[in-house]
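Here is the structure we will look at, set down as structure tokens.
The basis for the numbers below is simple: all heavy atoms, side chains too, and nothing from hydrogens, waters or symmetry mates.
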Amino acid sequence: MTTADTTSQSRAAWPAFDKLGVLIALIAAAAVFLPFAVFRANRIVLGEGLLIPSALSSPSAVLLGLVLLIGVATMLLRVNPLAKLGVGFLVLATLFVLIGQSATFLTPPDNTFARVSPGAGFWLLTFAFALLVTDALTRLKFGPWQRITILALVGVAMAALLWSGAWNDLSILKEFANRAPAFWAEARTHLLLAFGSVAIAILAGVPLGILLYRVKPLRAAVLNTLNIVQTIPSIALFGLLIAPLAWVAANVPGASAIGISGIGIAPAMVALFAYSLLPIVSNTVVGLVNVPEAANDAARGMGMTNRQRLFSVELPLAFPVILTGIRIVLVQNIGLATIAALIGGGGFGVFVFQGIGQTAMDLVLLGAVPTVALAFAAAVVLDAFVEMVSTRERAQ
Amino acid sequence: MIEIQELTKVYGETTVVDRVSLTIGAGELCAIVGTSGSGKTTLMRMVNRLVEPTAGKVLIDGQDTRDVPAYELRRRIGYAIQGHGLFPHRTVGQNIGTVPHLLGWEKSRITKRVDELLSLFQLDPAQFRDRMPNELSGGQQQRVGVARALAAEPNILLMDEPFGALDPVIRSKAQDDLLAIQKRFNTTVVLVTHDMEEAIHLGSRIAVMDGGKLLQYATPQEIIANPATDFVAELIGGDRPFRMLSLAKVLSLVEPGEAAGDPISAGASLREAYAECLWSGREALPVIEDGKLIGRISRNDLARCAARPS
Amino acid sequence: MSIGLVIRLLVLALLVGFLVSPESFAFVFEPLTKNNQPVIYNQGSLLDLTLNHLLIVAIATALATTVAVGLAILVTRPFGAEFLPLSRSLANVGQTFPPVAVLALAVPMLGFGTAPTLVALFLYGLLPIFENTLTGLTGLPPTVTEAARGMGMTGGQRLVRVELPLALPVILAGVRLSTVISLATATIGSTVAARTLGEVIIAGLLSSNTAFVLQGGLIVGALAVLIYDGLSAIERALTRRTGQGARANA
């Protein structure tokens, strides 16, 4: 009642304009006066920012202007969210295609040193319309499958854009072209680190969680210890594992043969595993504790053994909560895996730290963008899964 | 006096309260009864403008409630709700003193008032003043909630299912407390409830709501005797004769004479007297008042009283 | 005195002792060095680095708290209600940005040094505080806010006297999360030349000197645990006082 009240009051005060739209339009308006693209003679010198008219060929600049006008008009008016979503995606697609065109347009022919990268204006416009899309998506309240489908469509569109070569003149792709094999190798390592550590953590954490649920006196002590592990800064934990693992490699027969060594992937894997344990273990415990007493009683009354009860009642009911824990650690580990590069563990962090070292921001982006994209996709997909399993349960 | 005139509330397509008019005289206890969704709570919340009416108006002592800012209006009207709504981070004393504090009372006056109210609700001020709400029992919290609503000596008290969360024994005690306090301060009370029994017990007048409309507004006797619609009759339930009997006291039917067996108190309800007659198989019961025999009450008189009044 | 408290005091005493006089602890780290490497970090004072580390975290967290709480208040008022759904989604999306990425992306705008670290810590620190403040302000028991309105409190009075005090434990939990994340992320700041304890760890990694790595790691770890514990204790005290234990655990 009260919410209906307040919205109706604010509607009355702002009859025509969408307040959020006004804010986004202001951001977009500011962005138009910032450089759309940055031209640099080579990859590390300071660049020269170019506004839309000079960054694009005249027809393209006019096209962009028109699309932006449509976009701003749509966001200002109170039209339905589906229209906003469509227009938002249209503007983003135009921006993405045109930034590639701008790179081709600005790069002198046969000049392999020149670099064109997106400028602050491009980023801010992208941000503004991403806000519009996000707001529309939030209001539309799509179901889990619809969200995954939208994510997949966006993924396919991005892949098509990359594959078509439209972005080949952009600096980040030039960095990619120079080290394509390394990129794919580090991508594999990154995925292995992130998903591998979570997989091991699930295998170890869920049984540990079940144990702590059954043996109450252990619970506080183990959870507190895991909590402390969580507070150790990642970089330190990675570093601290070097010494013991080097010792294991040197002193345990066969350890080095299976790839354990002081530096590299092993300490990174162990550290990521250690960080993953707390959310998985504590969510398992919470999930099991929250299983309705009535369900357990009924199961016992029907003559289920403890084991049967665990597998057919308790774990299925606790599953959504456990899955939430897995979502948290997967997203977290995709990000944390970047730090592995500092101890020679590989992953996208290699490009980030190389880029920082060489003050080559395109290289930083080559590492950071896939990491963020991966984490984002993982979050969307797992959130959708969590929603699916919890709504199915509620329906029953 | 509260005058509700053609009050209407519309949310989108639904009319929650539909042109309701009623007048609640000073010192009356008006119980608004209805099922959930009947609009009874919305109607009450429009009195202190927690809900702004779509149309119509409310006059309090002749003054339109829209003439003052909503928050000032609310400070003059006591407000108690189901589940008490005590602020968990403030002591009992601070909770009770909220509105006086908002009104800028002097500290000493607030302290005095808090202690006075605590004593009135049989809570020892020294013991309860500085406790946190979560340290009280449900019944105590409810009493503090009502005390808080009365803190600034309002002429009007709005209550939304105030006894809904209490168990039956504490509930009937709380109801009696409310009646005593209402009589003592001559407060005008508007009380929303879904329980017809409670409405009959407490209300000097009852307003029956359904589907946003006011079906009947009358005294309990009138409502029981002549329900305006089938719905009202249904709300009262099948035992209307006994409800009738429960409204009056033994004292009203005492006749001179004697009877055998255990006496009944003059303050008991006719319903209790009738039940006692039937249970012990007696034609009449002796009646005592303050320990003195004052006459008897007969089963025939009681039965006549339970029959539909003319 | 409980065992937990004794351990905490002991950790604090050791930490202070080590920072004031690191050389006295050389014997602990001696076995970890090879080829006559220095045992104790020698490229700057550990105490200075620690204080600088804490200062950066404190400034970033203070700024983040101010802005995040302010924004959360704004979107929960009637005026900002239209921004509420979007701000929730943004907080959610924002969580998926790894701290390293935030840090690295701040460098092009701000150059190397303390500034990008401060910005990264600030931006990353916003999210937990914003999210918790939102949870705190929107999850209040409806009867309480209803009572506050019914008693004639104005919007501002409700916010200051009822909503913020009740949401405080949850907000503090967000500040605690944010502080611990910042303590850890600040170490990574050393890769962009901020003067934090990360310097010690990275120097150790570069020269394969485990003693350095351990020193840096232990100091940051001890700080994190002590600060985490201290803030938890404050929260518990507040929660107990307002008797809403069930809510603050959420």
Answer key: most heavy-atom pairs under 4.5 Å with chain A among C:A193, C:P85, C:A224 is C:P85

Of the listed C:G198, C:S87, C:A184, C:G204, the one with the largest count of heavy-atom pairs under 4.5 Å with chain A is C:A184

When the 4.5 angstrom heavy-atom criterion is applied to C:I202 and chain A, the contacting part is side chain

List the residues meeting side-chain contact (heavy atoms from CB on, under 4.5 Å) with [X], not counting sequence neighbours, and say none if there are none.
| X | result |
| --- | --- |
| A:P370 | A:F183, A:F348 |
| A:V350 | A:E186, A:A341, A:Q354 |
| C:L177 | C:P128 |

Under 4.5 Å to a heavy atom of chain C? For A:I334 that would be neither

Honestly, the part of A:F376 sitting under 4.5 Å from a heavy atom of chain C is both

- Item | Any donor-acceptor pair under 3.5 Å from A:K19 side chain to C:F83 backbone | no

* Asked: Any side-chain donor-acceptor pair under 3.5 Å between C:S89 and A:T134?
  -> no

Residue from A:V331, A:V380, A:V372 scoring the most non-hydrogen pairs under 4.5 Å with chain C is A:V372

Checked A:A136, A:A375, A:A378 vs chain C; the most non-hydrogen pairs under 4.5 Å come from A:A375

Item checked: CZ (C:F18) with more than 12 external heavy atoms under 6.0 Å -> yes

Under a 4.5 Å heavy-atom criterion, the part of residues 214-222 of chain C in contact with chain A comprises C:L214, C:G217, C:V220, C:G221

To the nearest 0.5 angstrom, please state how far the [atom1] atom of [X] sits from the [atom2] atom of [Y].
| X | Y | atom1 | atom2 | result |
| --- | --- | --- | --- | --- |
| A:L342 | C:T191 | CG | OG1 | 6.5 Å |
| A:I339 | C:T187 | CD1 | OG1 | 7.0 Å |
| A:L336 | C:I188 | CG | CD1 | 7.5 Å |
| C:L86 | A:L137 | CG | CG | 10.5 Å |

